[in-house]
Amino acid sequence: MNYDNVMKLALERGFYFPSCEVYGDSQAGFWEYGPNGVSIKNKFLELWRQQLVRRDRMLEIDGSQIMSKSVFEASGHLGNFADPIVKCKECKSTFRADKLIVDASEVEIPENSDLNEFDNVIKEKAISCPKCNGSLDNTKKFNMMFKVGIGPEEEEAYLRPETCQSIFVDFPRLFKTMRGKLPIGIAQVGKSFRNEIAPRQSLLRLREFYQAEIEVFCNPNKLDVLDKFSEIENTTLRIQNEQEVVTVTCKQAVESGIIPNKFVAYYLGLLSEFYEKTGIDMNKSRFRKLGEKEKAFYAEVAFDFEVETTIGWLELVACNYRSDYDLSSHAKKSKEKFEVMDNDEKVLPHVFEISMGIDRSLYCVLEHGYRDDKENERVVLSIRPYLAPVHVGILSLVKKDGLAEKTNDVYLNIKTKFDSFLDHAGAIGRRYRRLDEIGAPFAITIDHQTKDDDTVTIRSRDSMSQDRVKIKDLEEILSKETRFP
RNA sequence: GCGGAGUUAGUCUAGCUCGGUUAUGACGUCAGCUUCCCAAGCUGAAGGUCGCGUGUUCAAAUCCCGCACUCCGCACCA
């Protein structure tokens, strides 16, 4: 199974590994990126910046991870980002109170009701533990946000459960000072924190994780007025129908009504073009429109971008049309003005969000790039050259006869321009294979001929074929081959 | 959180049933030799709180108990 192979590669080659692993009290759901992981993550985010933030002239901010209580009162997370749970006094099993009650009595209680209502129904209907028939404890709320105490008085605040709240809260200032005009995208990359009950599968379900979020603010009356739509109208989207995945252009998707408007289609188009460039196999991807029950509490229309892996379909991006849910609740709570002028019209903008899970995306890049090349007895990470943690290995064929010194010279000249790895040790084939495993697209080898004519061989990772090139041309060749698209 | 299985070096693993010298092997890593191109060979070396903590015992990787983590299922996943 590829998940296990990727996991092994990650541990052996410094992509990612568990946090605090030397201590016995390390908690589940926390992982670290090692050197190769950081390198690929940085490049992935650079691609994201280029293909989304820069392309659409978005504004990027970097907000705090700890935010005050009011933010989450307004956002609804304190009330809604929690499940009502009830515990059996006998067998200690935990259940979701609302689901348990529906199953046992067919009484439907909205999940954000007062806790007494759950307890009352449980009492009235004499509901007991479905496992052991034991009696149930009082209903409690389990909020998935991490609470933190600020200062000596331990003032209540929270680690953000999604990065976007700072974008909403900062919106009035950003719009004014950055000379904003609708529609405008505001982007942010950073950590978010959720106290998951059962984190699992390394990077796929973390308690502390990276999000790259984009919130696009728009005039809700102009969702089909978008000149730049022509840029992506022929971009194809794979959209999950009731039964099957259909491939349509953005234009067709809007015309047929699969996507409600040009505005949403435009951003799904951008996202699709971005993921194409990450090297993830788009034939194993789909946009799935979420049903009423699956959607987040703030979403009006929601598409998940999902990718198929060896452990099933993974949700990489949540695309939610959040309407004015966030701005109006922050306006109400803070008493600040969030309306802006769009030409002559005063509007409270609506928001479409593209909320990307970075860790999961990176996993997919690794899994889809992982190749077990049995014929050549090697493992190859065939990822796009511009995402590779190491661009090029600089190798001496043998150490003696002055080749090591010559190799050092070549390395010295390119090490600040590319992520390069110098290696003199051991058999050449072994060194090539080590580079293959971390996805280095090129290996330059200095051999005896180099001393005569200043040429070297350059080996490409996927084909294993070699070309002989002049040392003075190396920089140009590598620039061209490792450049972002 | 529940149930099941597991945790021995960077990775994989033997040993555990039935407690007893210095914890086994492979791969990987490092140094040297060799080698003018794909995990070759030779020599040598480093690397372990046997997940953590208790208990039983003259003696615990091995037996008991507790905890943590990992994996699988259930539940959960704005």
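Here is how names work: the chains are called A, B, and so on, in the same order as the sequence lines, proteins then strands, and each is numbered from 1. Values in this document were obtained by computation on a predicted structure and should not be read as measured data.
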| query | With no angle test and no hydrogens, is the base of B:G73 tied to the side chain of A:Arg200 by a donor-acceptor pair under 3.5 Å? | reply | yes

Acceptor/donor pairs from residues 362-369 of chain A side chains to any protein atom, 3.5 angstrom cut, sequence neighbours excluded:
{"residue": "A:Tyr363", "atom": "OH", "partner": "A:Glu367", "partner atom": "OE1", "Å": "2.6"}
{"residue": "A:Glu367", "atom": "OE1", "partner": "A:Thr310", "partner atom": "N", "Å": "3.4"}
{"residue": "A:Glu367", "atom": "OE1", "partner": "A:Thr310", "partner atom": "OG1", "Å": "3.0"}
{"residue": "A:Glu367", "atom": "OE2", "partner": "A:Thr310", "partner atom": "N", "Å": "2.9"}
{"residue": "A:His368", "atom": "ND1", "partner": "A:Asp281", "partner atom": "N", "Å": "3.0"}
{"residue": "A:His368", "atom": "NE2", "partner": "A:Glu308", "partner atom": "O", "Å": "2.9"}

| field | Value in whole Å for how far the P atom of B:C30 lies from CZ of A:Arg431 | value | 11 Å

| note | Ranking B:U11, B:C77, B:A31 by distance to the side chain of A:Glu196, first place goes to B:C77

| query | If the C1' atom of B:A5 is compared with that of B:U43, how far apart are they to the nearest Å? | reply | 44 Å

| query | Base, backbone or nothing for each nucleotide of nucleotides 32-37 of chain B, written B, S, -, heavy atoms under 4.0 angstrom, 5' to 3'? | reply | S--BBB

| said: Any donor-acceptor pair under 3.5 Å linking the side-chain atoms of A:Asn36 with those of A:Ser39? | reply: no

| Nucleotide B:G28, atom P - distance to CD of A:Glu437 in whole Å | 11 Å

| said: Using whole Å, what does the distance between atom P of nucleotide B:C27 and atom CG of A:Leu9 come to? | reply: 20 Å

| task | Using atom CZ of A:Phe17 as one end and atom P of B:U11 as the other, report the distance to the nearest whole Å. | result | 11 Å

| said: Distance alone, cut at 3.5 Å: any donor-acceptor contact between the side chains of A:Glu162 and A:Ser355? | reply: no

| message | Please report the distance separating the P of B:U49 from the corresponding atom of B:C36, rounded so that it comes out in whole Å. | response | 42 Å

| query | Closest nucleotide of RNA chain B for A:Glu315 versus for A:Ala28: which of these residues is on the 5' side? | reply | A:Ala28

| Out of A:Met7, A:Glu32, A:Lys41, which residue meets the side-chain contact (heavy atoms from CB on, under 4.5 Å) rule with A:Tyr16? | A:Met7

| request: Mark yes when over 12 heavy atoms from residues, nucleotides or ligands other than A:Lys451 sit less than 6.0 Å from its NZ; otherwise mark no. | output: yes

| query | Taking the C1' atom of each, how far is B:G25 from B:C67, in whole Å? | reply | 32 Å

| task | State the dot-bracket string of RNA chain B. Criteria: Watson-Crick or G-U wobble, both atom distances under 3.5 angstrom; notation: ( ) intrastrand, [ ] crossing earlier pairs, | interstrand, . unpaired. | result | (((((((..(((.......[....))).(((((.......))))).....(((.(..]....).))))))))))....

| query | Considering only the C1' atoms, how many Å lie between B:C64 and B:U54, rounded to the nearest integer? | reply | 10 Å

| said: Checking side-chain polar atoms at under 3.5 Å, does A:Thr455 have a donor or acceptor matched by the opposite partner on A:Asp453? | reply: yes

| So what does A:Gln165 hit on the nucleic acid, given a heavy-atom distance under 4.0 Å: a base, only sugar-phosphate, or nothing? | nothing

| said: Measure CG/A:Leu203 against P/B:U70 and give the value in whole Å, please. | reply: 12 Å

| Euclidean distance, atom CZ of residue A:Arg434 to atom C1' of B:U29 [Å, nearest integer] | 9 Å

Please tabulate, one pair per line, each protein N/O and nucleotide N/O from nucleotides 42-52 of chain B that are separated by under 3.5 Å, including the distance.
none

| If we take the C1' atom in both B:U70 and B:C52, what is their distance in whole Å? | 15 Å

| field | Listed partners of A:Glu315 passing salt bridge (charged side-chain N to carboxylate O under 4.0 Å, His left out), at least two apart | value | none

| field | Nearest to side-chain heavy atoms of A:Arg433, which nucleotide of B:A39, B:C71, B:C77 | value | B:A39

| request: Using the P atoms only, state how far B:U22 lies from B:A68, rounded to an integer number of Å. | output: 34 Å

| What integer distance in Å separates A:Met7:CE from B:U11:C1'? | 12 Å

| query | When A:Phe305 is tested against each of A:Tyr275, A:Tyr267, A:Trp313 for ring-ring contact (aromatic ring centres under 6.0 Å, His included), which residue passes? | reply | A:Tyr275

| said: What I want to check is whether an N or O donor and acceptor connect the side chain of A:Arg207 with the base of B:C77 at under 3.5 Å. | reply: no

| request: Output the residues of residues 354-383 of chain A in contact with RNA chain B, where contact means a heavy atom of the residue under 4.0 Å from an atom of the strand; sort by number or write none. | output: A:Glu377, A:Arg378, A:Val379

| query | Which whole-number value in Å describes the distance from A:Phe30 CZ to B:U70 C1'? | reply | 16 Å

| message | Given A:Arg322, which partner from the list A:His350, A:Glu215, A:Glu353 fulfils the side-chain hydrogen bond (donor to acceptor under 3.5 Å, both in side chains) test? | response | A:Glu353

| message | Using a 4.0 Å heavy-atom cut-off, does A:Pro18 contact any base of the nucleic acid, only the sugar-phosphate backbone, or nothing at all? | response | nothing

| task | Determine the interatomic distance between P on B:C65 and the same-named atom on B:G3; round to the nearest Å. | result | 15 Å

| message | Measuring only the P atom in each nucleotide, how far is B:U57 from B:C16? A whole number of Å is fine. | response | 24 Å

